[in-house]
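Have a look at the structure below, then the notes.
By convention in this document, chain letters (A, B, ...) are assigned in the order of the sequence lines, proteins followed by strands, and residues within each chain are numbered from 1.
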Amino acid sequence: MAYPQAALAAQVSAALTTEFGPDYADADPLIRPSSFADLQSNVALSLAKRLGQQPREVAARIAARIADAPMCERAEVSGPGFINVTLSGEWISGEVTAQLADDRLGVPAAANPQRVVVDYSAPNVAKEMHVGHLRTTVVGDAFVRALEYLGHQVIRANHIGDWGTNFGMLLEHLLDVGEEAARADLAAGDINAFYQAAKVKFDADPAFADRSRRRVVALQAGEPETLRLWQMLVSDSRLYYNAIYTKLRVTLTDADLAPESFYNPMLESVCADLEAAGVARMDEGALCAFPPGFTGRDGRPLPLILRKSDGGYGYGTTDMAAIRYRVTELGADRITYVVGSEQAQHLAMVFTVARQAGWLPDRVRAEHAAIGMVTGTDRKRFRSRSGASVKLIDLINEAVSRAEEVIKDRYDEPELRAQIAEAVGIGALKYADLSVARESSYVLDFDRMLALNGNTGPYLQYATARIRSIFGRAELAPSDAAGPIDPAEPAERALALRLLGFGAAITEAVATAEPHKLAGFLFEVASDFTAFYEQCPVLKAGDPAVRQSRLAIAALTLRVLLTGLGLLGIPVPDRM
RNA sequence: GCGCCUGUAGCUCAGCGGAUAGAGCGGCUGCCUUCUAAGCAGUUGGUCGCAGGUUCGAUCCCUGCCAGGCGCGCCA
């Protein structure tokens, strides 16, 4: 089984070789979807000059060759030299029938499975998870699921912020409030209030600030009582975001925690080794690396600070420790940082320094899967401080209650209703983030994120509910539907052709760490299915063979949607 | 000042160097005795920020400009 585009590409490449010689075997066949046929190849236009022939002449020779292939119904030259290809109905039928019979839905496992470390989510201890975390969490989680589906070995790394100078003031505030009261606040989910209260005191009260700084020293020195209090903050926060992960159906668990503090024991050697390797040197009292190609405001080389002049370590040091650990200890072939785009320069510096130090060999791919900013209506970074505070948990609850509002008259049983509302609300929320390119920033808009109509999660869920409903009426399990599928009508032909692209969609999404490519594909599947649903009666089809074929393609569509939505981490209710 | 990102329909966004640039929302018009109307069909709507260049062909690649955002030495 092969994706139509790839299969046709092979045909065109073969034709190029036989017609024009082996030099042309590597030329990109330039297969694209066509609005005049099923697919088109633009290769003749690109090769005409090199061949010294008229584009239409080149196209004609290729078209004549590929027209004989079993997959082609017709190959025609059009316009200046496009080759429009209409696929054979028999070929589509055979491919899609095979796809239904395949456990993996025609998606081959990766030929060279990799070990991939994916750094995502990364909330901060004692800080509220906000809307910005939604994107890195949801996009990262979809990415790891797709990687695993292709057979890669994934190591999830939740690089939570559990260390740093902030903890001085947080711990002092904890002591001021009293342990019990503080824990009650945190358990109630009012983490922001806790953080902000500490921050206000820190800024206003010099004595408090002084205590805080001493507390940082005690923490870094490993003073037992300080560590106990710190541990308390960390574990309470962990409970908090685990609850959110559960609600969001995110696969992260405590086993995936790779907190900043984890790297503490390595920081000294990171500095020593980089200095010994000549990659880092002292400058203005701090140990710095100056990766080539980075300049600062004043035109001087921009440092990656490894050890501050006061002897402390910053996040740059931690990131260097982490990248070395991931390569040498975890054996990563690929490291993907699903992190906000504002970190681009910092990460680029980390990668460069790691390459210089030999910690990141060429065989290891390190990439920043940048997440665009969530902004307020002023187009500036959304900040909880500047006015209306939007906690992630509030957004989640709003999503579910809006969904509940829509279905409240449809289902009497409260339990079923709650179940559906949760799947629909969470699905809408996650899909909103997964369907846009991860790097584009967008305005925080509840109505858009929680919409239940149009190109949304619920639209895709709805398509599955309709398919299940057909099988319910037929008193047949979807898994009992079997081939052959004969997509005779245009709507079912279009659906069949679309379904064949499933594997290509996943492969592309994984190659570029862009789940929105998969989301877009699934939307097309759902659209094509809906058109089929309108135009091609399934249960009322007169001919038993047609009915069987349509049941089979409906079953295949259901599996593709369920599998695809599963990879995106979007829950699917049985009914809607 | 330097670097990175963004600029596509009224709004939110897709768009792999190829033909007439696509969705969703919104607006307008239709469609529920027929497998779920969270739906469907149709329609409205674009100097692809501006100006050059490369190319048979540019929304896409290159250069310059304009606008916005982000980052730029001891916070993470």
Under 4.0 Å, heavy atom to any atom of RNA chain B: which of residues 39-48 of chain A qualify?
Gln40(A), Asn42(A), Leu45(A), Ser46(A)
Can Lys408(A) and Glu404(A) be said to form a salt bridge (Lys or Arg N to Asp or Glu O under 4.0 Å), step by step?
CA-CA 6 Å; Lys408(A) 65 169 188 252; Glu404(A) 197 144 23; over 6 Å; no
Please enumerate all residues that pass side chain to side chain donor-acceptor pair (under 3.5 Å) together with Tyr195(A), with sequence neighbours excluded.
Asn166(A)
Got a donor-acceptor pair under 3.5 Å from the side chain of Asn453(A) to the base of G39(B)?
no
Out of G18(B), G73(B), A38(B), whichever nucleotide has its closest atom nearest the side chain of Val424(A):
A38(B)
Check: Asn84(A) side chain, A19(B) base, donor-acceptor under 3.5 Å:
yes
Does anything in residues 28-39 of chain A form a side-chain hydrogen bond (donor to acceptor under 3.5 Å, both in side chains)? List the pairs, not counting sequence neighbours.
Ser34(A)-Gln40(A), Asp38(A)-Arg493(A)
Strand contacts (RNA chain B) in residues 519-532 of chain A, 4.0 angstrom heavy-atom criterion
Phe523(A), Thr530(A)
Under the 3.5 Å rule, do the base of G73(B) and the side chain of Arg300(A) count as making a donor-acceptor pair?
yes
What's Arg307(A) touching, base or sugar-phosphate or nothing? Going by heavy atoms closer than 4.0 Å.
nothing
Compile the donor-acceptor pairs under 3.5 Å between side chains in residues 280-287 of chain A and protein atoms, sequence neighbours left out, one pair per line.
unit_1    : atom_1 : unit_2    : atom_2 : d
Glu284(A) : OE2    : Arg300(A) : NH2    : 3.1

Could you run down nucleotides 59-64 of chain B 5' to 3' and tag each one B, S or - for protein heavy-atom contact under 4.0 Å?
------
